[in-house]
Amino acid sequence: MTSITNTEMEGKMLRKISLTILLFSLVLVAMGCSSNKPAALSLSDERITELRKEYPLSEGNASLAQTVDVPFDQILGMSDAVIIAEVVKQNPNFTSSLTAEPGTPEGDAAEKDKTQGIEPYKPTFVSYEVKVDEVIVGEEVPNSVNLFYNADFVGIEPDLKPGMKIVASIKKGTAPEQQGSYSFTRYATYYVVDDDYVLSAYQGKTGEAKIFTNQTDGKTLDNLVEQIKELWSN
């Protein structure tokens with residue numbers, strides 16, 4: 001009889017182990033394919049085009065304002081929280097005094113206006129009531145809050161409708177009329193669509209803003225949440 005060397009025995013054992021691993025991997029792949037999770041990591045271009053009819057991009061600039069392409073992480077750095085919320089209704093517009101502390105540019109401008117008999121500028125704000133489903137990062141937020149933006153940007157900032165679900169980076173209002181409310185902006189707002197995906201309210205065109213849009217627009221909600229948490233922790 002031909003004897004089997006230790007080397008041959010080890011070779012046979014390695015082949016058996018490799019075969020077992022291969023079979024186990026194939027089983028896992030088959031299980032994954034049969035799960036209920038969406039197979040795609042991104043919406044199709046056709047579906048995005050269809051959804052954009054209901055969730056249009058917020059583009060353009062106010063006639064008296066020069067805007068820039070602000071990256072999501074810059075907005076996040078100035079925010080108190082990022083929430084997932086459902087729009088309940090649009091509130092009546094409200095006016096608010098701007099904070100004008102003495103010694104600040106705003107305070108100096110307000111003092112100059114006062115000496116010239118000019119009424120202080122009191123901008124009007126668009127306001128929405130939303131129901132907060134989840135605070136992704138940041139401080140605690142009430143279950144029901146108002147979100148607002150300057151009415152000078154109507155047609156530029158998102159036009160929210162009741163029933164829309166959004167992800168928004170928000171910041172506490174500072175003026176007396178804004179107490180308990182939060183400002184938000186197109187630069188850090190996403191619509192939740194088809195339950196598990198998101199569409200950006202604004203698409204970055206340059207630098208970091210464009211990179212973040214490419215990584216998140218049309219992708220899954222879980223992906224956006226993960227990106228936000230990572231940015232918040234850095």
Side-chain angles (χ1 to χ4, degrees), residues 25 27-52 54-59 68-88 128 130-145 147 149 157-158 160-161 163-172 182-234:
S25 300
V27 170
L28 289 178
V29 170
M31 291 175 63
C33 291
S34 62
S35 69
N36 293 324
K37 293 182 180 180
L41 295 176
S42 177
L43 293 168
S44 67
D45 292 341
E46 292 78 8
R47 182 56 178 156
I48 290 175
T49 299
E50 183 180 357
L51 286 167
R52 281 300 182 191
E54 184 177 357
Y55 303 94
L57 287 167
S58 300
E59 299 180 307
V68 295
D69 209 9
V70 185
F72 189 100
D73 63 330
Q74 286 189 20
I75 301 296
L76 193 63
M78 298 182 288
S79 299
D80 294 307
V82 181
I83 60 173
I84 300 175
E86 182 176 337
V87 180
V88 177
Y128 300 93
V130 302
K131 179 174 70 70
V132 178
D133 293 335
E134 179 183 343
V135 177
I136 299 173
V137 293
E139 64 181 39
E140 185 176 346
V141 179
N143 292 334
S144 178
V145 296
L147 305 183
Y149 63 81
E157 291 290 354
L160 304 181
K161 305 295 184 184
M164 282 184 172
K165 199 168 184 178
I166 61 172
V167 177
S169 184
I170 60 175
K171 182 176 178 59
K172 283 181 180 177
Y182 295 80
S183 64
F184 76 109
T185 172
R186 59 179 177 167
Y187 297 115
T189 298
Y190 282 75
Y191 303 105
V192 180
V193 298
D194 289 357
D195 297 325
D196 299 315
Y197 294 88
V198 293
L199 287 179
S200 59
Y202 176 84
Q203 286 185 334
K205 299 175 177 62
T206 59
E208 294 179 20
K210 184 176 182 179
I211 292 173
F212 191 81
T213 296
N214 291 340
Q215 293 173 341
T216 54
D217 190 26
K219 306 296 192 300
T220 63
L221 173 60
D222 286 345
N223 171 65
L224 176 61
V225 169
E226 183 179 340
Q227 298 260 14
I228 291 171
K229 288 182 176 179
E230 184 176 342
L231 287 174
W232 187 267
S233 63
N234 291 338

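Fair warning: this is a prediction, and the values are worked out from it, not measured in the lab.
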Working note: L76 + V82, criterion side-chain contact (heavy atoms from CB on, under 4.5 Å); need CA distance, chi angles, decisive distance, verdict. CA-CA 8 Å; L76 193 63; V82 181; 3.2 Å; yes
Quick one, Y55 with V198, criterion side-chain contact (heavy atoms from CB on, under 4.5 Å). Give me CA distance, side-chain angles, the key distance, then yes/no. CA-CA 10 Å; Y55 303 94; V198 293; over 6 Å; no
Between I136 and W232, is the side-chain contact (heavy atoms from CB on, under 4.5 Å) condition met? List the steps. CA-CA 10 Å; I136 299 173; W232 187 267; over 6 Å; no
So L57 and S200, side-chain contact (heavy atoms from CB on, under 4.5 Å) or not? Walk me through it. CA-CA 7 Å; L57 287 167; S200 59; 4.2 Å; yes
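Residue E139 places its CD atom among more than 12 non-hydrogen atoms of other residues, nucleotides or ligands, all under 6.0 Å distant. Around atom CD of E208, no more than 12 heavy atoms belonging to other residues, nucleotides or ligands sit under 6.0 Å away. At most 12 heavy atoms of other shown residues, nucleotides or ligands fall within 6.0 angstrom of atom CG in N143.
The closest donor-acceptor contact from the side chain of D222 to the backbone of D196 lies at 3.5 Å or more, if one exists at all.
Only one option out of L43, L221, L51 pairs with Y197 in a side chain to side chain contact (heavy atoms under 4.5 Å, CB included); it is L43.
Of all the heavy atoms in A201 and P158, the pair that sits closest is CB-CG, 4.0 Å. Closest non-hydrogen pair, Y202 versus S58, comes out as CD1-O, 3.3 Å.
Here the NZ atom belonging to K205 is positioned 6.5 Å from the CG atom belonging to D69, to the nearest 0.5 angstrom. E59 contributes atom CD, which lies 7.0 Å from atom CD of Q203 (distance to the nearest 0.5 angstrom). Summarising the geometry, atom OG1 belonging to T216 is positioned 6.5 Å from atom CD belonging to Q227; distances are rounded to the nearest 0.5 Å. Here the CG atom belonging to D217 is positioned 5.5 Å from the CG atom belonging to L199, to the nearest 0.5 angstrom. The OG1 atom of T185 sits 4.0 Å away from atom CD of E157, with the distance rounded to the nearest 0.5 Å. From S42, atom OG reaches atom CD1 of I48 across 5.0 Å, with rounding to the nearest 0.5 Å.
Side-chain contact between Y182 and V130 is absent, with no heavy atoms from C-beta onward closer than 4.5 Å. In this structure, K131 and S144 have side chains that are not in contact, with every pair of non-hydrogen atoms separated by 4.5 Å or more.
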Under 3.5 Å donor-acceptor pairs involving side-chain atoms of residues 163-170, not counting sequence neighbours:
unit_1: S169; atom_1: OG; unit_2: S79; atom_2: OG; d: 2.5

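The pair E226-K229 does not count as a salt bridge, with every side-chain nitrogen at least 4.0 angstrom from each carboxylate oxygen.
Residues forming a ring-ring contact (aromatic ring centres under 6.0 Å, His included) with Y128 (at least two apart in sequence, or on another chain): none.
Classified by interplanar angle (parallel below 30°, tilted 30° to 60°, perpendicular above 60°), the ring pair F72/F212 is parallel.
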